[in-house]
Amino acid sequence: MRLSRFFLPLLRETPSEAQIVSHRLMLRAGMIRQEAAGIYAWLPLGFRVLKKIEQIVREEMNRAGAIEILMPTLQPSDLWKETGRYDAYGPEMLRIRDRHDRELLYGPTNEDMVTEIFRAYVKSYKALPLNLYHTQWKFRDEVRPRFGVMRGREFLMKDAYSFDLDAAGARRSYNRMYVAYLRAFSRMGLKTIPMRAETGPIGGDLSHEFIVLAETGESGVFCHRDLLDMPVPDETVDFDGDLEPIVRQRTELYAATEDVHDAARFEREVPEDKRVSARGIEVGQVFYFGTKYSVPMKALVTGPDGKDVPVEGGSYGIGVSRLVGAIIEASHDDAGIIWPAAVAPFDIALINLKSGDAKTDAACDDLYAKLTAAGKDVLYDDTNERPGAKFAGMDLIGLPTQIVIGPHGLEKGLVEVKSRATGAKEEMSLEAALKRLATS
RNA sequence: CGGAGAGUAGCUCAGCCUGGUAGAGCACCACGUUAGGGACGUGGGGGCCGGAGGUUCGAAUCCUCGCUCUCCGACCA
C-alpha cells in the first residue's frame with residue numbers, strides 16, 4: 001500500500017480525552033475515531049489489526065473443534081424473558097422497540113439465543129459434544145465507558161458456547177477452550193495468565209479469566225511467578241486427547257484477581273520469592289455454567305439410556321476489540337506502538353527519504369514490487385514529507401520492520417533495515433535487504 | 001449512579017472575570033528555498049464560539065435550562 005493512496009490520519013498531538021497509553025496511541029496512529037462515548041469507528045489501520053486478531057482467534061477456535069456461526073446483534077426480548085435475564089440484566093442492556101412496538105435488545109451476550117438454536121435442532125447425545133461460536137459486535141451500556149476500546153460500550157467479542165451430555169464432558173469442552181485460549185493469546189504475542197474467577201451461583205472451580213499483565217490494568221492480580229514463563233502448547237496439541245494435565249499444571253498454582261484473592265492462601269501456597277503482585281487486563285474468560293440456560297429453556301437431549309436430560313453448557317469469551325488496546329498496553333515505547341508481527345497492520349514499512357529523486361524512487365518502487373510479490377504486506381511511504389516526519393510517523397504506527405532508502409545510502413549501494421522493537425539499525429545492499437525481508 | 005470539570009478552526013489551546021465585527025501554534029492549500037529523526041519564508045482557505053431561551057442598542061463573554069464529552073469513585077469482555 002502506498003501511503004499517498006492510503007487513509008492514515010496521524011495526529012501529532014494527543015487528543016485531550018485520552019488518558020491511557022493505548023487510547024492515546026490508537027488515536028494518534030489514526031486507528032480509531034470516537035463517535036460517541038464508548039463507541040468507535042475503526043479506521044483502516046485499526047481495522048487491519050482487529051481483523052488479524054479476529055482471524056487468529058478463529059483459527060484457534062477451529063483447531064479446537066468449535067464451529068463458527070453468526071448470530072444477529074439484535075435479539076427479541078422473548079428469549080431473555082424465558083431465562084429471566086430480561087429483568088435481571090438491568091440498565092446495562094440496551095432495549096429497543098421496532099415499528100410494531102416489539103421489544104428488541106442489542107445483545108450483550110448470546111447464551112439465550114444459542115441455546116434456542118441448539119434446542120431447535122439437537123435432540124440426541126450423538127450430536128455431542130458441540131461447540132458453536134461467533135465473533136460479533138456486542139453492546140453493554142456501561143455507566144462509564146473509558147480507556148478507549150479497552151472499555152467501550154460497543155465491542156467486538158468472540159463468544160463460544162459448548163454443549164455436552166454431562167459434567168465430565170463439559171469439563172473436557174472447558175479444557176479445550178482453555179488450551180485454545182492459551183494458544184490464541186500466545187500467537188498474538190501476549191503472555192496471558194489464567195486466573196481463578198467468580199463462578200457465580202454454580203460454584204466449582206471452572207471459571208478462569210485470562211489476564212495480560214500491564215501497569216495500566218484495571219484489576220489487581222496475584223499469582224505464582226512460575227506461571228509467567230510456562231510454555232504454551234504448540235499446534236500439535238491433540239484437542240481430542242486428554243488436556244487435563246495441561247490445565248492442571250496451571251490451575252494448581254495460585255493465580256487470582258483481587259475480586260477472589262485470598263491473601264492467606266496466597267501466602268501459604270506461594271513461596272515469598274515466587275509471589276507476583278501486579279495489575280492486569282482481562283482479555284478472555286472461560287466459564288462453565290451447567291444447566292443454567294438449558295433448564296429454563298428446556299434444551300434437552302436424549303442420552304444413551306433413552307432419558308432426556310438438560311444439556312450441560314459453558315461459554316467462552318474473548319474481547320477482540322479490547323485486545324487491540326491490550327496488546328498496545330503490553331507493547332509500546334515513548335515513540336509509539338510496537339506491534340507483535342502476527343497482529344501488525346502491515347509487515348514492513350518502506351520509507352522513501354526523498355521522493356521525487358529519480359534513483360531513490362526507482363529503488364523504492366522496485367523493492368516495493370518485489371516484496372509485495374513475495375507476499376509481504378508493505379506500507380510504502382512515498383509521500384513528500386521530510387525524513388524526520390516519516391521516521392516519527394512510522395515509529396508511531398509500529399510496524400515490525402522499517403527499511404529506509406535515501407540518496408546518500410544509495411550512492412554507496414546501501415539501505416538501512418531497522419527493527420522497531422529493538423531499534424537496531426543495519427546497513428546492507430538492496431539485494432540483501434530484499435532477501436532478508438522477503439523470507440523472514 | 002454519586003462527585004468534579006470541559007464544550008471556541010481537523011488537533012492542542014488562548015480570549016470570557018471587566019459585553020463592542022473571533023485569535024495563536026500545529027495541520028491544510030499555493031509558490032519558493034530545503035531535505036538522513038516531526039524544516040523555513042511569503043501568501044491563502046477554514047468557525048451558526050455545542051444547543052435553546054433570556055438580559056442588552058449590542059453576547060463567545062452575563063443569566064436560565066437541556067444536550068454532549070471527559071475525569072475521580074461504585075459496576076463490567
Side-chain angles (χ1 to χ4, degrees), chain A residues 9-20 23-24 27-28 30 33-39 53 57 89-93 107-110 135-160 181 185 192 197-198 207-212 218-219 257 259 280-287 315-326 334-336 351-357 360 381 383-396 402-412 414-416 418 423 425 427:
Chain A
L10 301 182
L11 301 179
R12 191 156 167 178
E13 289 174 271
T14 302
S16 54
E17 75 260 23
Q19 294 302 306
I20 64 167
H23 191 194
R24 277 206 303 272
L27 290 168
R28 286 196 55 213
R33 172 157 184 89
Q34 179 166 323
E35 297 296 346
I39 299 178
I53 292 170
V57 172
Y89 221 92
E92 257 197 358
M93 183 152 76
T109 176
N110 286 71
T135 303
Q136 178 61 287
W137 291 93
K138 309 281 192 295
F139 194 91
R140 290 181 195 168
D141 200 356
E142 299 278 348
V143 197
R144 192 184 159 209
R146 57 184 134 170
F147 304 146
V149 300
M150 299 268 285
R151 191 163 156 198
R153 291 193 292 171
E154 188 183 48
F155 55 97
L156 187 63
M157 178 175 170
K158 185 285 305 176
D159 40 326
Y181 276 31
F185 295 130
T192 53
E198 292 278 7
S207 182
H208 289 89
E209 291 179 352
F210 285 70
I211 301 286
V212 176
E218 284 201 79
S219 37
T257 60
D259 304 336
I281 302 165
E282 183 191 349
V283 291
Q285 178 162 19
V286 290
F287 191 79
S315 63
Y316 315 90
I318 288 181
V320 174
S321 48
R322 168 180 282 191
L323 272 165
V324 180
D334 289 344
I351 299 178
N352 182 333
L353 282 183
K354 193 170 183 180
S355 59
D357 177 80
T360 309
D381 188 346
T383 65
N384 237 338
E385 287 297 314
R386 298 173 61 82
K390 294 190 174 194
F391 292 135
M394 285 302 191
D395 283 350
L396 174 61
Q402 297 173 7
I403 175 161
V404 181
I405 301 184
H408 297 175
L410 283 178
E411 276 175 28
K412 295 177 282 183
L414 297 174
V415 301
E416 183 181 281
K418 175 182 151 182
K425 300 173 186 171
E427 289 203 313

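Here the structure is a predicted model, which means the values were calculated and not measured. Just so it is clear: chains get the letters A, B, ... in the order the sequence lines come, proteins before strands, and each one is counted from 1.
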Quick one: label [X] by what it contacts on the DNA or RNA (base, sugar-phosphate, nothing), any heavy atom closer than 4.0 Å.
X: G406(A); result: base
X: V404(A); result: base
X: P91(A); result: nothing
X: T14(A); result: sugar-phosphate
X: L11(A); result: nothing
X: Q19(A); result: sugar-phosphate
X: D395(A); result: base

Starting at [atom1] of [X] and ending at [atom2] of [N], how long is that distance when rounded to a whole Å?
X: L410(A); N: rA35(B); atom1: CG; atom2: C1'; answer: 15 Å
X: F391(A); N: rA39(B); atom1: CZ; atom2: C1'; answer: 14 Å
X: M150(A); N: rC71(B); atom1: CE; atom2: C1'; answer: 17 Å
X: R140(A); N: rC1(B); atom1: CZ; atom2: P; answer: 20 Å
X: E17(A); N: rC72(B); atom1: CD; atom2: P; answer: 14 Å
X: L353(A); N: rA35(B); atom1: CG; atom2: C1'; answer: 9 Å
X: K425(A); N: rG36(B); atom1: NZ; atom2: P; answer: 13 Å
X: R144(A); N: rG5(B); atom1: CZ; atom2: P; answer: 15 Å

Kindly indicate whether the side chain of [X] and the base of [N] share any N or O donor-acceptor pair separated by less than 3.5 Å?
X: R386(A); N: rU34(B); answer: yes
X: K418(A); N: rG37(B); answer: yes
X: R28(A); N: rG10(B); answer: no

Considering only the [atom1] atoms, how many Å lie between [N] and [M], rounded to the nearest integer?
N: rC49(B); M: rA22(B); atom1: C1'; result: 8 Å
N: rG46(B); M: rG23(B); atom1: C1'; result: 14 Å
N: rG45(B); M: rU34(B); atom1: P; result: 28 Å
N: rG47(B); M: rG32(B); atom1: C1'; result: 30 Å
N: rU21(B); M: rA39(B); atom1: C1'; result: 36 Å
N: rG7(B); M: rU12(B); atom1: C1'; result: 14 Å
N: rC11(B); M: rA30(B); atom1: C1'; result: 23 Å

Does [N] have a Watson-Crick or wobble mate here (both distances under 3.5 Å), and if so which one?
N: rG37(B); result: none
N: rC62(B); result: rG54(B)
N: rA30(B); result: rU42(B)
N: rA9(B); result: none
N: rU70(B); result: rA4(B)

* To do: Could you tell me the separation between the NZ atom of K138(A) and the CZ atom of F155(A), rounded to the nearest 0.5 Å?
  =>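 These two atoms lie 7.0 Å from each other.
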* Point-to-point distance, once rounded to the nearest 0.5 Å, from CG of N352(A) to CG of D357(A) ->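 N352(A) atom CG to D357(A) atom CG measures 8.0 Å (nearest 0.5 Å).
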Of the listed nucleotides ([options]), which one gets closest to any side-chain atom of [X]?
X: E218(A); options: rG73(B), rU70(B), rC76(B); answer: rC76(B)
X: E142(A); options: rC71(B), rU12(B), rC76(B); answer: rC76(B)
X: V143(A); options: rG73(B), rG37(B), rC1(B); answer: rC1(B)

* Which label fits rG44(B), syn or anti, where anti is any glycosidic angle not within 90° of 0? ->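 Glycosidic conformation of rG44(B): anti.
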With [X], which residues qualify under side-chain hydrogen bond (donor to acceptor under 3.5 Å, both in side chains), at least two apart?
X: S315(A); answer: E111(A)
X: T383(A); answer: D381(A)
X: Q136(A); answer: none

Please tabulate, one pair per line, each protein N/O and nucleotide N/O from nucleotides 25-28 of chain B that are separated by under 3.5 Å, including the distance.
unit_1, atom_1, unit_2, atom_2, d
rG25(B), N2, E13(A), OE1, 2.9

* Which pairs with one or both residues in residues 316-326 of chain A pass side-chain hydrogen bond (donor to acceptor under 3.5 Å, both in side chains), sequence neighbours excluded? ->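 Residue pairs passing side-chain hydrogen bond (donor to acceptor under 3.5 Å, both in side chains), neighbours aside: S162(A)-Y316(A).
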* D395(A): which of K418(A), R28(A), K390(A) passes salt bridge (Lys or Arg N to Asp or Glu O under 4.0 Å) ->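 Exactly one option meets the salt bridge (Lys or Arg N to Asp or Glu O under 4.0 Å) with D395(A), and it is K418(A).
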* To do: With a 4.0 Å heavy-atom cut-off, tell me which residues in residues 151-160 of chain A come close to RNA chain B, sorted by residue number.
  =>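 Correct list: R151(A), G152(A), F155(A).
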Nearest atoms (heavy-atom pairs only) where [X] meets [Y]:
X: I405(A); Y: T360(A); result: O-CG2, 3.6 Å
X: G152(A); Y: E142(A); result: O-CG, 3.9 Å
X: P91(A); Y: D141(A); result: O-CB, 3.8 Å

* Distance below 4.0 Å between Q34(A) side-chain N/O and rU70(B) OP1 or OP2 ->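 For rU70(B), OP1/OP2 do have a side-chain N/O of Q34(A) under 4.0 Å.
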